[in-house]
Every structure is written in C-alpha cells, then in structure tokens.
Amino acid sequence: MFEYTLKKKDPKSMARRGSLQTPHGEIQTPVFMPVGTQATVKSMDPHELKEIGSQIILSNTYHLYLRPGHELIKKAGGLHKFMNWDRPILTDSGGFQVFSLQDNRKITEEGVMFQSHIDGSKHMFTPELVMEIQNALGSDIIMAFDECAPWPSEHDYVKKSLERTTRWAKRCKEAHKKTEKQALFGIVQGGGYEDLRRQSAKELVELDFPGYSIGGLSVGEPKNIMYDMLEITTPLLPENKPRYLMGVGSMDALVEGVMRGVDMFDCVLPTRTARTGTFLTMKGKINIMNAQYAEDLSPVDEQCTCYTCQNYSRAYLRHLFKAKEILGARLATWHNIHALHDLMGKIRESIEQDRFLEFRKEFFDNNRDYSAYN
RNA sequence: GGAGGGGUUCCCGAGUGGCCAAAGGGGGCAGACUGUAAAUCUGUUGUCGACGACUUCGGUGGUUCGAAUCCACCUCCCUCCA
C-alpha cells in the first residue's frame with residue numbers, strides 16, 4: 001500500500017526524483033506539503049487545493065486530539081472524509097508542540113504531559129496514545145512521537161533527548177503494528193551536532209521505518225547549520241525510502257534541501273505569511289501592504305499562472321489587506337501555495353532533465369531575497 | 001436673546017501650572033513570520049544641521065521663573081431655554 005519509487009538521481013548532486021504510493025494516491029517527489037493543522041489549510045477549501053496542485057497535506061495529532069477529538073473524527077469516517085480531502089494526508093505527531101508549547105508541558109520517559117492551550121486541562125501524550133490518535137484519524141503517513149529540541153541546546157541535553165526519541169520511536173513501532181495501512185516515519189533529531197545527527201539516524205535506520213523525517217531543524221538555527229546537518233544525515237538514510245525535512249518551506253531552503261537529498265517538505269510559511277500580506281515569488285518576497293503598490297495595477301507576478309495573478313492586481317490585493325477583507329488572505333494563500341508547488345514542479349522537471357544545478361543557479365541569480373549557501 | 005459645554009499633534013481622545021513633543025486607540029509607514037496557541041506580533045509616526053535645538057495644544061494679549069493647563073477679549077462648534 002505504501003511504496004517509494006526512486007525514479008531518477010541527479011548525477012551532480014544528491015537531488016532525487018521519485019514517487020510515493022499511498023492508499024489515497026500517488027505523490028510526485030520532491031514535494032511541498034501545505035499545512036492544515038486543524039483539519040483545514042487555513043482559508044482554502046479542498047477543491048481549491050486540488051486546483052492549486054496540492055498532492056498531499058499535513059494535519060496535526062495534538063490539535064485534532066484536543067479539538068474536535070480523534071474519536072469524533074473516527075466516527076465521522078476518518079480525517080479524509082471529515083474534512084472532505086481524498087488525497088493523501090500526513091499527520092504530525094505532536095512532537096512539534098513539545099517545542100512550540102514548551103511552557104505548557106513536561107517531558108518524562110513515559111511521554112509528555114501537556115496542559116491544553118485551549119482550556120488548561122492536562123493530557124498525557126505517550127507514543128502509544130499518539131499512535132492510537134493517528135490510527136483513528138486514518139492519515140496515510142504518520143509520525144513517531146518525538147521531541148523537537150529547541151535551538152540552542154546543550155550537547156548533553158540533545159543527546160538525552162534524541163535517545164529518548166529513539167526509544168519512543170521503538171514504542172511507536174510496537175504500538176503501530178496492527179495498523180499497517182499507515183506508513184510510520186521515524187524522526188531524526190540531534191540538534192546542530194553532527195555526531196548526534198549520525199547517532200540518531202543510525203538508531204532509527206536500525207528500526208527500519210518506511211520513511212524518515214528530519215526534525216529539529218529550522219527552529220532558529222542559522223541556515224548553514226541546517227544545511228550541514230542535512231548533508232551528513234541524508235547519506236545515512238536508506239536510498240529506497242523517502243526523506244522528509246520537517247517544517248521547511250522558504251524557497252531557498254526547498255532548493256537547498258532537494259540538493260541535499262530531501263524528498264518531502266512541509267511548512268506553514270506560505271500560508272501564514274500569506275495572511276499577513278506577504279506574496280512569495282521566484283524573484284523575491286512582496287509585502288503587498290507597501291505604499292509602492294497602492295496604484296500598481298499589474299499582477300503580483302507576471303510569470304505566475306495562479307488564479308490570483310491571472311485575475312487580480314497588486315492595487316486590489318493591497319486594498320483587500322488594508323481593508324482587512326478575508327478575500328485578501330485567501331487570494332494570497334492561493335498564490336503562495338501555488339508558488340511553492342510550482343517551484344517544486346520546476347525542480348522535479350530539472351532533475352528529470354539532468355539540469356538541477358543549473359536550475360538552482362538560475363533560482364539564486366534571480367531571487368533578490370536569497371543567496372546560495374555553498 | 002439667555003444658560004451651559006467645548007475647540008489638543010493625520011483622526012478620535014486623555015491631559016487641567018513644571019516629570020508634556022504631550023497617555024491610549026485608530027489611521028499611516030516599515031519589519032518579522034519556517035513539523036500553526038498567528039486574519040498575528042514588533043518598531044515607528046512635529047521639524048531639523050537630531051545623545052541637542054526649534055516650532056506645536058482655535059486666535060490675540062496677559063499672569064508666572066515656568067502655561068495645553070490660570071486670566072481677558074475675540075472666534076468657531078454643540079446642548080438646553082426663549
């Protein structure tokens with residue numbers, strides 16, 4: 001039911017072109033996955049996401065468990081049916097909330113005691129519960145429960161944390177046995193330490209997961225550290241399994257991630273920044289609220305084929321944001337997700353044509369916001 | 001005609017002798033956002049030759065070491081009475 005096919009390797013870099021078979025269809029990789037934490041990609045409805053070109057979306061164990069509750073979603077026929085999305089879904093385990101809700105939780109060997117950010121109630125998240133929740137949700141790809149350690153953290157702490165994450169991964173695997181329809185990914189941790197990244201990767205590969213996530217990155221560390229960590233991690237992962245870099249989605253990092261052998265990415269960046277008026281383009285970011293666009297009747301991006309750029313001007317979009325109209329957030333989200341899917345499509349094409357590095361060079365030459373990391 | 005209330009920096013609105021270039025909000029300008037506690041948050045918003053100086057609180061004049069704040073007159077606005 002779940003299978004990764006490596007279709008082509010870039011001869012000059014670690015970039016790979018592949019596909020991923022899931023119970024809800026095939027995914028072409030490298031792929032960008034929009035985030036729909038609360039069973040919705042904020043402001044977009046599923047048929048719009050399909051039109052934009054989303055192959056798979058993310059959702060979240062912690063949030064859906066707290067509200068509306070995984071039992072209800074199970075009763076509704078699973079997350080796909082509940083939210084009316086029939087393509088693949090990947091759910092995060094709540095490991096990121098261990099990081100983002102640091103002030104509301106306590107970590108023990110058993111698991112993480114969360115105090116709900118909604119009503120203050122306490123909930124013990126164990127690897128077993130996290131598997132049970134994701135099983136109830138019925139997502140196609142599920143994540144092992146991990147700790148996304150903050151940046152910066154002491155070597156000693158990161159080591160203890162990653163070793164615990166490995167033990168949790170083992171428990172997840174045990175608990176997951178009866179639900180083979182879902183692909184369980186282990187998550188490599190290790191902070192910004194090369195030796196710990198190697199250790200984590202090695203331990204998880206021994207557990208033999210159908211796919212591997214790389215976590216604990218893009219949590220505030222310098223980009224060169226993230227890239228260094230990727231370079232030493234991906235070669236340690238099995239070639240015939242997908243690699244997923246969690247939480248990464250700026251255009252430059254997508255290009256650099258692919259170059260270092262990553263197949264899957266997710267990020268809230270395109271959707272979140274969209275809601276605050278930032279449009280992502282191949283040439284650089286545009287903050288549509290800037291005064292310079294007040295009377296600019298041209299589209300956000302002349303080259304872009306998305307619905308927003310085909311039909312609306314910068315002046316109109318700016319007006320929507322100034323007036324705080326919801327349509328502004330929707331049209332910007334539409335554009336940004338489209339922009340990242342479009343970028344990934346170009347990346348896939350360039351790998352197929354053996355010119356990924358040329359594409360990369362063009363990208364950095366033309367994007368005023370980013371420069372290549374070498 | 002009579003009685004009362006009021007005119008504050010782009011707007012609304014605090015302030016009633018020094019700690020006031022003047023609270024707070026709005027608006028404006030700009031920045032941030034990376035497995036979503038985010039349709040959010042932050043900075044800035046009189047001028048300049050700018051760690052200091054200058055011009056501002058309806059207008060004019062006055063009191064005072066010192067006035068957005070006190071006094072006089074003028075002017076405009078609002079409410080009530082006739």
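Protein chains get the first letters and strands the later ones, always in sequence-line order, with residue 1 at the start of each.
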Would you jot down, in residue-number order, the residues of [range] having a non-hydrogen atom under 4.0 Å from RNA chain B?
| range | value |
| --- | --- |
| residues 143-153 of chain A | A:Asp146, A:Cys148 |
| residues 81-95 of chain A | A:Asp92 |
| residues 203-218 of chain A | A:Gly216, A:Ser218 |
| residues 16-39 of chain A | A:Val35, A:Thr37 |
| residues 97-125 of chain A | A:Gln97, A:Ser100, A:Leu101, A:Asn104, A:His117 |

Exercise for the section: May I ask you to check whether A:Phe96 and A:Tyr62 place their ring centers less than 6.0 Å from one another? Expected result: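 No, the ring of A:Phe96 stays outside the 6.0 Å limit from the ring of A:Tyr62, centre to centre.
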Would you mind writing out the side-chain donor-acceptor pairs for residues 45-53 of chain A within the sub-3.5 Å range, not counting sequence neighbours?
unit_1, atom_1, unit_2, atom_2, d
A:Asp45, OD1, A:His47, N, 3.1
A:Asp45, OD1, A:His47, ND1, 2.8
A:Asp45, OD1, A:Glu48, N, 3.3
A:Glu48, OE1, A:Asp45, N, 2.8
A:Glu48, OE1, A:Arg330, NH1, 3.0
A:Glu48, OE2, A:Arg330, NH1, 3.2
A:Glu48, OE2, A:Arg330, NH2, 2.6
A:Lys50, NZ, A:Asp86, OD1, 2.8
A:Lys50, NZ, A:Asp86, OD2, 3.3

Using the [atom1] atoms only, state how far [M] lies from [N], rounded to an integer number of Å.
| N | M | atom1 | result |
| --- | --- | --- | --- |
| B:rG18 | B:rC80 | C1' | 39 Å |
| B:rU60 | B:rU8 | P | 16 Å |
| B:rA72 | B:rG4 | P | 13 Å |
| B:rU9 | B:rG15 | C1' | 13 Å |
| B:rG46 | B:rC57 | C1' | 12 Å |
| B:rA53 | B:rG43 | C1' | 25 Å |

Whole angstrom is fine here: how far is it from [atom1] in [X] over to [atom2] in [N]?
| X | N | atom1 | atom2 | value |
| --- | --- | --- | --- | --- |
| A:Ile286 | B:rA32 | CD1 | P | 14 Å |
| A:Arg272 | B:rU34 | CZ | P | 5 Å |
| A:Asn290 | B:rA30 | CG | P | 4 Å |
| A:Lys223 | B:rC33 | NZ | C1' | 12 Å |
| A:Met246 | B:rU34 | CE | P | 15 Å |
| A:Phe321 | B:rA38 | CZ | C1' | 14 Å |
| A:Leu280 | B:rU34 | CG | P | 13 Å |
| A:Lys285 | B:rC33 | NZ | C1' | 8 Å |

Practice task
Quick one: label A:Ala291 by what it contacts on the DNA or RNA (base, sugar-phosphate, nothing), any heavy atom closer than 4.0 Å.
Solution key: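 A:Ala291: backbone/sugar contact only, no base atoms under 4.0 Å.
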Practice task
Assign A:Thr271 to base, sugar-phosphate, or nothing according to its heavy-atom contacts below 4.0 angstrom with the strands shown.
Solution key: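 It contacts base atoms.
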Donor on one side chain, acceptor on other, [X] and [Y], under 3.5 Å:
| X | Y | answer |
| --- | --- | --- |
| A:Arg198 | A:Tyr193 | no |
| A:Thr278 | A:Thr273 | no |
| A:His117 | A:Asn104 | no |

Exercise for the section: Scan for salt bridge (Lys or Arg N to Asp or Glu O under 4.0 Å) pairs involving residues 272-297 of chain A, sequence neighbours excluded, and state none if there are none. Expected result: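 Qualifying pairs, neighbours excluded: A:Asp296-A:Arg314.
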Problem - Linked hydrophobic residues, A:Met1 as query - side chain contacts closer than 4.5 Å - result: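 Members other than A:Met1 - counting any ILVMFWY side chain reachable under 4.5 Å - there are none.
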With under 30° as parallel and over 60° as perpendicular, where do the rings of [X] and [Y] fit, or are they tilted in between?
| X | Y | value |
| --- | --- | --- |
| A:Trp334 | A:Tyr307 | tilted |
| A:His319 | A:Tyr316 | tilted |
| A:His335 | A:Phe279 | tilted |

Got a list of protein N/O to nucleotides 40-45 of chain B N/O distances below 3.5 Å?
none

Practice task
List the atom of A:Gly25, the atom of A:Pro88, and the distance in Å for their closest heavy-atom pair.
Solution key: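 So the two residues come closest at O-CG, 3.8 Å.
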Exercise for the section: Determine which pairs satisfy side-chain hydrogen bond (donor to acceptor under 3.5 Å, both in side chains) with at least one residue from residues 338-348 of chain A, sequence neighbours left out, and list them in order. Expected result: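 Counting only pairs at least two positions apart or across chains, the side-chain hydrogen bond (donor to acceptor under 3.5 Å, both in side chains) contacts touching residues 338-348 of chain A are A:Ser54-A:His341, A:Thr305-A:His338, A:Asp342-A:Lys346.
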Practice task
Could you tell me which residues satisfy side-chain contact (heavy atoms from CB on, under 4.5 Å) with A:Lys170, sequence neighbours excluded, listed by chain and number?
Solution key: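 With sequence neighbours excluded, A:Lys170 shows a side-chain contact (heavy atoms from CB on, under 4.5 Å) to A:Leu207, given in chain and number order.
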Exercise for the section: Ignoring hydrogens and angles, answer whether the base of B:rU34 and the side-chain atoms of A:Thr273 contain a donor-acceptor pair closer than 3.5 Å. Expected result: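 In this structure, the two groups form no donor-acceptor pair.
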Between protein and nucleic acid, restricted to nucleotides 9-12 of chain B and to nitrogen or oxygen atoms under 3.5 Å apart, what atom pairs and distances do you find?
none

Exercise for the section: Decide, yes or no, whether a salt bridge links A:Arg171 with A:Glu128 under the criterion of side-chain N to carboxylate O below 4.0 Å. Expected result: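 Result for this pair is yes, salt bridge flagged.
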